[in-house]
Amino acid sequence: MEKVKVDVLIIGAGPSGSVAAAYLHKQGLNIKVVEKNSFPRFVIGESLIPRCMDHFEAVGLLPCLEAKNFEIKRGARFVTGKGDLCDFDFGEKYSEGWDWTWQVPRADFDKTMTDELQNWGVDIDFQKEVIAVDFDADGTSRTTVKDTDGNTSIVEAKYIIDSSGWGRVLPRLLGLDKPSDIPKHATIFTHVKDTKRPPGREGTMITFDVIDTETWLWVIPFSNGDCSLGFVGPIDYLDSFEGSPNEKMKEMMKLSKYYFDRFDGLDFLFEPKQIKNFSASVKQLYGKGFALTGNSAEFLDPVFSSGVTFATESAHLSAKLITRELQGETVDWETEYKDYIMYGVNVFSTYVKEWYTGNLQKIFFHPTINTSIKEQICAVLAGYVWDRSNPFVKNHDRLVKTVARVTEMEQERMA
Ligand SMILES: Cc1cc2nc3c(=O)[nH]c(=O)nc-3n(C[C@H](O)[C@H](O)[C@H](O)COP(=O)(O)OP(=O)(O)OC[C@H]3O[C@@H](n4cnc5c(N)ncnc54)[C@H](O)[C@@H]3O)c2cc1C
């Protein structure tokens, strides 16, 4: 059986695996990426937030992405069928940092990065699936990889970065899965040719159309003329729509007063995909000889588009820590990795939960939302959830609840 030895094995070539690979390659480490699929492959997660740009830039992947002219995203807009509107402009956020990012068809986006890595000489084995891992006490691992003909080979590594996304390879193999405390939701989504796209900002603006407190529609226009449409809502509610995925999605589009006309009569580019109960968590983010990154570690909810940002944040940080450790330094993984990542996850998790209680919607749609509050929340929505000088980061839970309560009282007084 073929056997190779590397410093670091990376499982999965999504944004998380690519950022980790880019960093480690530039440090001169001997690495290998193993990816189950051939690229391009479809994956959901198309609206980025500015924080991830820091990571693409730092690891040298920004120029290849910029060359693709993806749709620029400068903010996020929330609307309702009753005419409520809340428009966040990342240029007006509280924290320092990027004030724009992209809306991307992920098949193209992810392949751009893996093509670039291969140009640099990074070893990426496509259509190779990790099926088993065996660790020694010192963290050295032997990973069994299977190709599409069923042939197996072994990769021996000093470290594994598990960036396998929904594959959740190490959480599955090592029994690390833990139920998430985010309310359970379902989703149905597809793409259309956006042939009735209005000119200017209205046509290209990413929008969250709030159908009711727990149900919303995303509209993510791409620079290639396609648009991504997807509903998220309670599992029972989405299940209550009958028929094929096409029929369900068409019926659900009638719920959007804002967007119905724009997308009425357009064919879906693929049969709408449905996923239930997608939030995921783990008992530990690292162990002797491995780190979990991206969706293989934690996934909250699509509502504030935090997935790719956490995927790149955790990949970049774990790659830095592994480099230091392989250079002989002692790394405190508990504080330097777990505590850091979980700080950001906990901030975002408050925003996700308070979205579904309706508290954030009260704040967003208040006609006279306070400007500095809006700027501070905008920095959170841009992904700058580690900036503790931002009161809406540092005191996230208390402040969101308090401001929602004050807003509610003001509205009751005005009624
Ligand atoms: C409905 C929905 C909407 C979302 N919308 C957004 C959004 O707008 N913005 C956002 O940022 N995020 C969004 N997300 C989250 C986003 O999809 C993920 O957070 C992001 O793709 C994670 O990147 P990753 O690199 O960790 O994993 P992935 O991009 O999933 O990549 C993992 C790779 O690992 C490979 N793999 C899996 N198993 C194996 C194996 N056994 N061996 C080898 N390779 C393997 C897979 O083939 C895959 O290519 C959304 C999620 C959902 C459910």
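Order of appearance sets the numbers: ligands from 1, and atoms from 1 within every ligand.
No cation-pi contact links K254 to F260, judged by a cut-off of 6.0 Å to the six-membered ring centre and 45° from its axis. For the pair K93 and W98, the cation-pi criterion (under 6.0 Å, within 45° of the ring axis) is not fulfilled. Annotation: cation-pi pair R168/F299 absent, no NZ/CZ under 6.0 Å from the ring centroid and within 45° of its normal. Annotation: cation-pi geometry not satisfied between K250 and F263 (NZ/CZ under 6.0 angstrom from ring centroid, within 45° of ring axis). The side-chain tip of K288 does not point at the ring of F290 from less than 6.0 angstrom away and within 45° of straight on.
For a threshold of 3.5 Å applied to N or O pairs, the pair formed by I44 and ligand 1 contains at least one separation below that value. In terms of polar-atom proximity, defined here as any N/O pair under 3.5 Å, S306 makes no such contact with ligand 1. Considering backbone and side-chain atoms together, N37 places an N or O closer than 3.5 Å to an N or O of ligand 1. In terms of polar-atom proximity, defined here as any N/O pair under 3.5 Å, D110 makes no such contact with ligand 1. Below 3.5 Å of separation, one finds an N or O of E35 facing an N or O of ligand 1. Ligand 1 has an N or O atom lying under 3.5 Å from an N or O atom of R106, backbone or side chain. Some N or O of K36 is nearer than 3.5 Å to an N or O of ligand 1, by distance alone. For a threshold of 3.5 Å applied to N or O pairs, the pair formed by S16 and ligand 1 contains at least one separation below that value. Below 3.5 Å of separation, one finds no N or O of G167 facing any N or O of ligand 1. Considering backbone and side-chain atoms alike, F39 places every N or O at 3.5 Å or more from each N or O of ligand 1.
Between the side chains of S228 and E46, at least one donor N or O lies within less than 3.5 Å of an accepting N or O.
For P15, the closest heavy-atom approach to ligand 1 falls below 4.0 Å. Ligand 1 lies within reach of K128, whose nearest heavy atom is under 4.0 Å from it. Taking 4.0 Å as the cut-off, W218 counts as a neighbour of ligand 1 on heavy-atom distance. The closest approach between any non-hydrogen atom of V169 and ligand 1 is below 4.0 Å.
Among all protein heavy atoms, the one lying closest to atom 27 (O) of ligand 1 is G165 CA, 3.4 Å. With hydrogens left out, the protein atom closest to atom 3 (C) of ligand 1 is P302 CB, 3.4 Å, a heavy atom. Annotation: atom 6 (C) of ligand 1 to nearest protein heavy atom, G45 CA, 3.1 Å. N295 OD1, 2.7 Å is the protein heavy atom nearest to atom 19 (O) of ligand 1.
In this structure D149 satisfies the side chain to side chain donor-acceptor pair (under 3.5 Å) test with no other residue, sequence neighbours excluded.
With a heavy-atom cut-off of 4.0 Å, R41 touches ligand 1 through its side chain alone. Residue contacts with ligand 1 for S18 are absent, since no atom lies close enough (heavy atoms, distance under 4.0 Å). At a 4.0 Å heavy-atom cut-off, ligand 1 touches F299 through the side chain alone.
The ring of W166 has its center no closer than 6.0 angstrom to the ring center of F278.
No side-chain heavy atom of N390 sits less than 4.5 Å from a side-chain heavy atom of Y384.
Just one residue in the list F231, F78, W355 forms a ring-ring contact (aromatic ring centres under 6.0 Å, His included) with F208, and that residue is F78.
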Quick one: do Y340 and L317 satisfy side chain to side chain contact (heavy atoms under 4.5 Å, CB included)? Show the steps, please. CA-CA 9 Å; Y340 176 87; L317 179 58; 3.4 Å; yes
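For D125 and K32, the salt-bridge test passes: some basic side-chain N is under 4.0 Å from an acidic carboxylate O.
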